[in-house]
Asks: 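Before anything else, here's the structure in question.
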Amino acid sequence: GAKWPNSSAQCDSKSYICPDGTAKNLEAYPPGCCPGSVEHGTLSGPASDCHFNCDEGYAWSKQTRSCESCFSSGPLAPPSGGASFWNQSRCARQCSQGFVPYPDFPARPTWCQTCPEHAITKGWSKPAHSVWREPFHYESHLGCIDQFWACDEQSGYQMHGDRSRCCFSQDVVVPIDSSTLWGSWLPGECRWECFASRFPTVPRALSESQ
């Protein structure tokens, strides 16, 4: 281990001398003598871990200053499906951004799914003529929820007025001024109808009023 020098121009808690093959590292946690090399690790990590980055299946031990195996009975198989990465702090592979772990929030997921795959696995329902969206800009998997669907616009469908169904665009009658609320979408239909005593019964489409 480290030893105190016989003589030194400065004498304080940092004046110790590290043995051969190690180097003093005051940025390590805890500060002390770091090895020059370790098994199952490379010098490409943070200073707090003596600059070592452990190989997959191993994690840095601050007590022994070495890369120790994360598994007592051999490494687990990586999750199937989409992209994943080795998370040394958790001693496990984690799903990459844009993929959802299954089972939900596990310490070690067995499957990294796309949001559409996750929706099917969870048994979520969505309206006819809609598709599960692929999230590209959400953090981790938090954007994949049971409402993460959209109408199949490429096939000509758009959101129904009450946001519960997708209607063929040409079948949707747009009120001249739906903001007046003198009408409502007919239940189960892609059609707006004026209230009683309001005319016309079926208002003209917006395109007809121009």
Side-chain angles (χ1 to χ4, degrees), residues 56-57 70-71 75-210:
E56 182 167 335
C70 293
F71 313 105
L76 299 175
S80 59
S84 61
F85 65 96
W86 175 250
N87 188 326
Q88 179 175 298
S89 63
R90 295 189 179 183
C91 263
R93 289 196 72 83
Q94 301 292 299
C95 295
S96 300
Q97 182 172 327
F99 292 91
V100 189
Y102 183 81
D104 294 337
F105 304 104
R108 296 187 175 96
T110 58
W111 189 2
C112 293
Q113 304 175 314
T114 63
C115 192
E117 288 174 335
H118 192 66
I120 294 172
T121 301
K122 299 287 287 185
W124 293 341
S125 61
K126 61 180 180 62
H129 309 300
S130 65
V131 294
W132 292 110
R133 291 191 289 169
E134 284 279 13
F136 294 104
H137 303 293
Y138 65 77
E139 292 297 325
S140 183
H141 56 275
L142 300 180
C144 185
I145 57 177
D146 59 357
Q147 297 296 315
F148 212 69
W149 54 267
C151 293
D152 187 0
E153 294 182 355
Q154 292 185 348
S155 299
Y157 290 89
Q158 65 183 39
M159 186 76 71
H160 183 271
D162 60 5
R163 301 187 61 82
S164 65
R165 66 186 66 249
C166 296
C167 300
F168 193 59
S169 301
Q170 296 180 1
D171 295 338
V172 177
V173 177
V174 181
I176 295 175
D177 184 9
S178 60
S179 64
T180 61
L181 300 180
W182 294 118
S184 64
W185 291 96
L186 293 178
E189 296 186 33
C190 294
R191 191 160 58 96
W192 176 278
E193 187 173 66
C194 293
F195 293 147
S197 76
R198 296 289 173 176
F199 299 93
T201 303
V202 178
R204 292 173 296 155
L206 182 59
S207 59
E208 297 175 5
S209 65
Q210 295 176 344

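Quick caveat: nothing in here was measured; it's all calculated off a predicted structure. Count residues from 1 along the sequence.
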Asks: Which heavy atom in Thr114 sits nearest to a heavy atom in Glu117, and how many Å separate them?
Replies: N-OE1, 2.9 Å
Asks: Could you tell me which non-hydrogen atom of Phe168 sits nearest to which non-hydrogen atom of Ser155, and how far apart they are?
Replies: CE1-O, 3.6 Å
Asks: Quick one: CH2 on Trp149 to NZ on Lys126, what's the gap to the nearest 0.5 Å?
Replies: 9.0 Å
Asks: Any chance you could measure Gln158, atom CD, to Cys166, atom SG, to the nearest 0.5 Å?
Replies: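 Between Gln158 CD and Cys166 SG, I get 9.5 Å after rounding to 0.5 Å.
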Asks: I'd like to know whether Trp111 forms a ring pair (Phe, Tyr, Trp, His ring centres under 6.0 Å) with His118, so could you lay out the CA-CA distance, the side-chain angles of the two residues, the decisive distance to 0.1 Å, and finally the verdict.
Replies: CA-CA 10 Å; Trp111 189 2; His118 192 66; 8.9 Å; no
Asks: Over all heavy atoms of both residues, which pair between Ala119 and Trp132 is shortest? Give the atoms and the distance, please.
Replies: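 That closest heavy-atom pairing would be CB-CE2, 3.3 Å.
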Asks: Which pair of non-hydrogen atoms, one from Ser84 and one from Cys112, has the smallest distance, and what is that distance?
Replies: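 Scanning both residues, the minimum pair turns out to be CB-SG, 4.0 Å.
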Asks: Can you name the side chain to side chain donor-acceptor pair (under 3.5 Å) partners of Ser130, sequence neighbours left out?
Replies: none
